[in-house]
Amino acid sequence: MFDFNNIRIVLVDTTHPGNIGATARAMKNMGLKHLSLVSPQRFPDGVATGRAVSAVDILDNAVVVDTLPAAITDCGLVIGASARDRRIPWPTLLPEQCADMVTADSGHNKVALVFGREDRGLTNEELQLCHYHVQIPANENYSSLNLASAVMIICYELRRASMRAAGSPTPHPEDNWDIERATGEQMEQFYEHLERVLIAIDFHKPETPRQLMQRMRRLFGRVRVDNMEVNILRGILSHVEYHIDKAQ
């Protein structure tokens with residue numbers, strides 16, 4: 001089961017308003033309508049409106065926020081577009097794999113597809129907020145795509161995946177799941193709590209982090225815990241804090 005109403009495209013720190021307009025047009029071509037903009041440098045703007053052509057309604061309804069966490073706070077699945085490999089390997093999908101996952105997951109969760117800046121994409125910190133990364137297999141000698149073109153490729157694959165799903169629906173692992181997935185906001189609160197406890201037990205030293213928290217994010221992002229599970233984890237952390245205070 002798929003629901004395009006649960007899918008949003010997120011553009012981070014977009015420099016050129018033309019890319020916002022072209023993104024809106026690509027979205028409408030493929031049946032998507034929810035656009036979130038994180039700190040766009042020029043919006044609203046006549047150039048964006050001109051490039052959107054008949055997709056101005058998507059621009060009119062676009063949600064503008066200051067930070068990426070604010071854009072994905074209610075999402076149970078977040079996938080970030082990345083054109084290059086990172087120091088710490090992250091679960092990475094091809095566009096078709098991404099589309100199949102998003103199309104299936106959208107019936108159960110709100111989903112965000114995140115695209116970065118025109119000149120340098122998403123930062124490592126922003127990519128760490130994502131459960132998965134998606135890479136478009138472009139020419140290795142010139143792999144940087146225009147922002148709106150990258151959005152169009154992913155939206156096209158989503159359209160194809162939804163058509164496949166409509167023609168031959170298959171069971172999704174979450175069809176019988178009893179609890180909703182934890183949202184981005186819940187997971188950020190958990191990571192803050194986890195880091196605080198790890199510091200308190202002298203396991204984690206912020207001045208020499210050695211990528212511990214990044215690896216913790218990767219671990220729990222891969223697992224994709226649900227609401228009850230994140231509450232259990234935080235309950236354990238609170239119990240640890242209680243015994244630390246009691247021993248002092």
Side-chain angles (χ1 to χ4, degrees), residues 1-10 32-34 36 38 63 65 67-81 88-93 97-114 125-134 154 158 161-162 164-166 168-198 200-201 203-204 212-243:
M1 180 179 179
F2 61 92
D3 186 354
F4 272 16
N5 285 321
N6 279 340
I7 303 172
R8 77 186 57 156
I9 300 296
V10 181
L32 284 84
K33 59 184 180 181
H34 297 297
S36 290
V38 178
V63 176
V65 295
T67 66
L68 179 55
I72 62 174
T73 186
D74 60 342
C75 293
L77 175 63
V78 182
I79 300 178
I88 300 179
W90 215 265
T92 302
L93 307 167
Q97 295 171 315
C98 169
D100 285 336
M101 176 177 288
V102 170
T103 301
D105 224 74
S106 66
H108 306 271
N109 300 291
K110 291 187 182 298
V111 180
L113 291 161
V114 185
E125 290 75 17
E126 289 163 345
L127 284 167
Q128 287 166 17
L129 297 174
C130 304
H131 298 107
Y132 295 89
H133 298 167
V134 59
I154 300 301
L158 282 172
S162 70
R164 289 194 297 271
S168 54
T170 55
H172 185 268
E174 292 198 10
D175 283 344
N176 296 315
W177 203 261
D178 57 339
I179 306 292
E180 292 182 353
R181 295 293 182 182
T183 65
E185 181 179 20
Q186 290 174 308
M187 290 308 297
E188 285 308 302
Q189 291 171 348
F190 164 68
Y191 291 131
E192 291 172 6
H193 198 171
L194 175 62
E195 184 170 21
R196 185 170 69 245
V197 172
L198 292 177
I201 63 175
F203 187 84
H204 173 51
L212 174 63
M213 292 310 300
Q214 293 95 316
R215 291 184 183 277
M216 290 294 97
R217 283 178 175 273
R218 181 176 68 173
L219 168 63
F220 287 104
R222 188 168 68 246
V223 174
R224 293 183 60 208
V225 299
D226 63 31
N227 285 340
M228 182 175 293
E229 290 165 343
V230 77
N231 287 333
I232 291 171
L233 289 169
R234 293 202 64 190
I236 294 170
L237 293 174
S238 295
H239 201 64
V240 171
E241 288 179 314
Y242 168 77
H243 283 281

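Sequential numbering from 1 along the given sequence is applied to the chain's residues.
Under the 3.5 Å distance criterion, the side-chain polar atoms of His34 are matched with a main-chain donor or acceptor of Asn5. In terms of modelled atom types and a separation under 3.5 Å, the side chain of Ser106 and the main chain of Asp3 share a donor-acceptor contact. Not one N or O on the side chain of Arg196 forms a donor-acceptor pair closer than 3.5 Å with the backbone of Glu241. In this structure, Arg218 contributes its side chain and Pro91 its backbone to no donor-acceptor pair below 3.5 Å.
Taking 4.5 Å as the limit, some side-chain heavy atom of Cys130 sits within range of a side-chain heavy atom of Val78. Put simply, the side chain of Leu129 reaches to within 4.5 Å of the side chain of Glu188, judged on heavy atoms. With a 4.5 Å cut-off on side-chain heavy atoms, Leu194 and Met216 count as touching. Between Leu127 and Trp90, every side-chain heavy-atom pair lies at or beyond the 4.5 Å cut-off. Contact of the Leu198 side chain with the Met213 side chain is registered, since non-hydrogen atoms from C-beta on lie closer than 4.5 Å. Within the 4.5 Å cutoff, no side-chain heavy atoms of Val197 are placed close to those of Phe203. When side chains are defined from C-beta on, Met187 counts as touching Val225, because their heavy atoms get closer than 4.5 Å.
Residues Cys75 and Val111 share a closest heavy-atom pair of SG-C, 4.1 Å. Shown here for Asn227 and Ala182, the closest heavy-atom pair between the two residues is OD1-CA, 3.4 Å. Shortest non-hydrogen contact noted between Ala71 and Arg8 is O-NH1, 2.7 Å. Ser162 approaches Thr103 most closely through the heavy-atom pair CA-CG2, 3.8 Å.
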Item checked: side chain to side chain contact (heavy atoms under 4.5 Å, CB included) between Ile154 and Val102, intermediate numbers included -> CA-CA 10 Å; Ile154 300 301; Val102 170; over 6 Å; no
Note to self: Could you go through Leu237 and Phe190, starting from their C-alpha distance and side-chain angles, then the distance that decides it, and tell me whether this counts as side chain to side chain contact (heavy atoms under 4.5 Å, CB included)?
What the structure shows: CA-CA 9 Å; Leu237 293 174; Phe190 164 68; 3.8 Å; yes
Next item on the list: Carefully, step by step, assess Tyr132 and Met101 under the rule side chain to side chain contact (heavy atoms under 4.5 Å, CB included).
Entry: CA-CA 10 Å; Tyr132 295 89; Met101 176 177 288; 3.6 Å; yes
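When Ile232, Asn231, Ile179 are each tested for a side-chain contact (heavy atoms from CB on, under 4.5 Å) with Asp226, only one passes: Ile179. Evaluated for a side-chain hydrogen bond (donor to acceptor under 3.5 Å, both in side chains) with Asp105, the options Arg181, Arg224, His131 yield exactly one hit, Arg224.
Between atom CZ of residue Arg217 and atom OH of residue Tyr191 there is a gap of 6.0 Å, rounded to the nearest 0.5 Å. The CG atom of Asn6 sits 8.0 Å away from the CG atom of Asn109 when rounded to the nearest 0.5 Å. Atom OG1 of Thr183 is separated from atom NZ of Lys110 by 11.5 Å, given to the nearest 0.5 angstrom. Note that CG of Asp100 and CZ of Arg164 are 4.5 Å apart. Values are rounded to the nearest 0.5 Å. Once rounded to the nearest 0.5 Å, the distance linking CG of Leu219 with CZ of Arg215 reads 11.0 Å. Separating the CG atom in Leu233 from the CD atom in Gln186 is a distance of 11.5 Å, to the nearest 0.5 Å.
Within a 6.0 Å sphere centred on CD of Gln189, other residues, nucleotides and ligands contribute more than 12 heavy atoms.
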